[in-house]
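Everything on this sheet refers to the single structure shown next.
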Amino acid sequence: MTHRRAWLIEWTFRLSLLGKAMLGMAQVIGGLFLAIMPADAIARTADALTRSELAQDPTDRFAKAVMHWAHAINPAAEHFYIIYLLGHGIIHFVVVIALLLKSRIAYPFSVATLMAFVGFQTWDWLHTHDPALLLLTALDIFVITIVILEHRLTKGAAAPKSSLF
């Protein structure tokens, strides 16, 4: 492997970890925010954020989708979102820290974890058709690819070409 390609893989790996860490932080903050908010605060916030847009364009699909989502959340769904966001965010941090420490188990653990996210997000997308899930899934697949390339790079020439790890 050329020095330039190795450098590109390493920096792509680091940037993807930064992105995963930022996503994890946003998820933890979002989960904590949901946990401390009053029950009707989501609907009121969505109303306040979309009111002027819907007044200008009552057919705005994004604003209508936000309103539909905000008013459709029930307490059970809210608890699910809190647990999901906190759990997903914390797992992101664990994966990022393990990969930064270049622990031997970090690479297969992170690939398995990200593949589980891909599976869950795909299953959830099949039920909700939420485009954000497609974006998150594509990001996770990209990170899985970069993690595998980085792992092969750090193992050097000793890695068999036919194995995943």
Side-chain angles (χ1 to χ4, degrees), residues 1-37 42 46 61-62 65-66 68-70 72-165:
M1 180 176 303
T2 67
H3 178 69
R4 179 169 155 55
R5 184 169 181 219
W7 178 86
L8 183 62
I9 290 171
E10 177 66 24
W11 278 101
T12 304
F13 174 74
R14 289 175 186 225
L15 286 174
S16 69
L17 289 184
L18 176 64
K20 281 302 209 184
M22 290 171 52
L23 178 60
M25 185 184 323
Q27 289 172 328
V28 168
I29 290 169
L32 292 172
F33 184 69
L34 280 176
I36 62 173
M37 284 177 60
I42 293 174
R61 292 175 65 187
F62 181 75
V66 168
H68 174 73
W69 173 81
I73 292 181
N74 59 42
E78 189 173 340
H79 287 105
F80 170 79
Y81 284 125
I82 291 168
I83 292 167
Y84 176 80
L85 288 171
L86 289 174
H88 205 254
I90 290 168
I91 290 170
H92 270 32
F93 280 125
V94 170
V95 166
V96 167
I97 289 168
L99 287 170
L100 286 174
L101 294 174
K102 300 206 185 252
S103 162
R104 252 183 91 165
I105 192 75
Y107 295 98
F109 172 75
S110 62
V111 169
T113 302
L114 291 169
M115 287 175 81
F117 287 155
V118 166
F120 175 76
Q121 290 161 181
T122 302
W123 177 83
D124 199 20
W125 179 82
L126 289 171
H127 292 85
T128 64
H129 302 290
D130 182 355
L133 290 169
L134 291 177
L135 181 64
L136 289 173
T137 301
L139 177 64
D140 285 341
I141 291 169
F142 174 76
V143 174
I144 288 168
T145 304
I146 294 301
V147 167
I148 291 170
L149 289 173
E150 170 69 13
H151 183 62
R152 286 183 178 170
L153 182 65
T154 59
K155 278 180 71 173
K161 299 287 183 198
S162 62
S163 73
L164 179 63
F165 295 103

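- In this structure Glu150 satisfies the side-chain hydrogen bond (donor to acceptor under 3.5 Å, both in side chains) test together with Lys102, sequence neighbours excluded.
- Rounded to the nearest 0.5 angstrom, Thr128 OG1 and Trp123 CH2 are separated by 9.0 Å.
- Ala46 and Val66 get closest at one heavy-atom pair: CB-CG1, 4.0 Å.
- In this structure, His129 places its NE2 atom where more than 12 heavy-atom neighbours from other residues, nucleotides or ligands lie under 6.0 Å away.
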Q: Could you check His3 against Trp7 for ring-ring contact (aromatic ring centres under 6.0 Å, His included), going step by step and ending with a plain yes or no?
A: CA-CA 6 Å; His3 178 69; Trp7 178 86; 8.3 Å; no
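- Between Phe117 and His92, the distance from one ring center to the other falls under 6.0 angstrom.
- With a 4.5 Å cut-off on side-chain heavy atoms, Val94 and Thr113 do not count as touching.
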Q. Could you go step by step and tell me if Phe142 and Thr12 meet the side chain to side chain contact (heavy atoms under 4.5 Å, CB included) rule?
A. CA-CA 10 Å; Phe142 174 76; Thr12 304; 3.5 Å; yes
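- Of the residues listed (Ile146, Val147, Val96), the one engaging Ser16 in a side-chain contact (heavy atoms from CB on, under 4.5 Å) is Ile146, and it is the only one.
- Between the Ser103 side chain and the Leu99 main chain, no donor and acceptor come within less than 3.5 Å of each other.
- The shortest distance between side-chain heavy atoms of Phe120 and Trp125 does not fall below 4.5 Å.
- At a threshold of 4.5 Å between non-hydrogen side-chain atoms, the residues Leu32 and Ile36 do not count as touching.
- Side-chain atoms of Val143 and Lys20, non-hydrogen and from C-beta on, do get closer than 4.5 Å to each other.
- Contact of the Gln27 side chain with the Met22 side chain is not registered, since no non-hydrogen atoms from C-beta on lie closer than 4.5 Å.
- In this structure, CG in Leu133 is found 5.0 Å from CG in Asp124, a value given to the nearest 0.5 Å.
- For the pair Val118 and Thr122, the tightest heavy-atom approach, listed with the atom from each and the gap, is O-OG1, 2.7 Å.
- Atom OG of residue Ser110 and atom CD1 of residue Ile105 lie 10.0 Å apart, to the nearest 0.5 angstrom.
- Between atom CD1 of residue Ile9 and atom CG of residue Leu153 there is a gap of 5.5 Å, rounded to the nearest 0.5 Å.
- Separation of atoms CG (Leu139) and CG (Leu134) is listed at 12.5 Å; rounding is to 0.5 Å.
- Considering only heavy atoms from C-beta on, Val28 comes within 4.5 Å of Ile90 through its side chain.
- One distance of note links CD of Gln121 with CG of Asp140; it measures 5.0 Å at 0.5 Å rounding.
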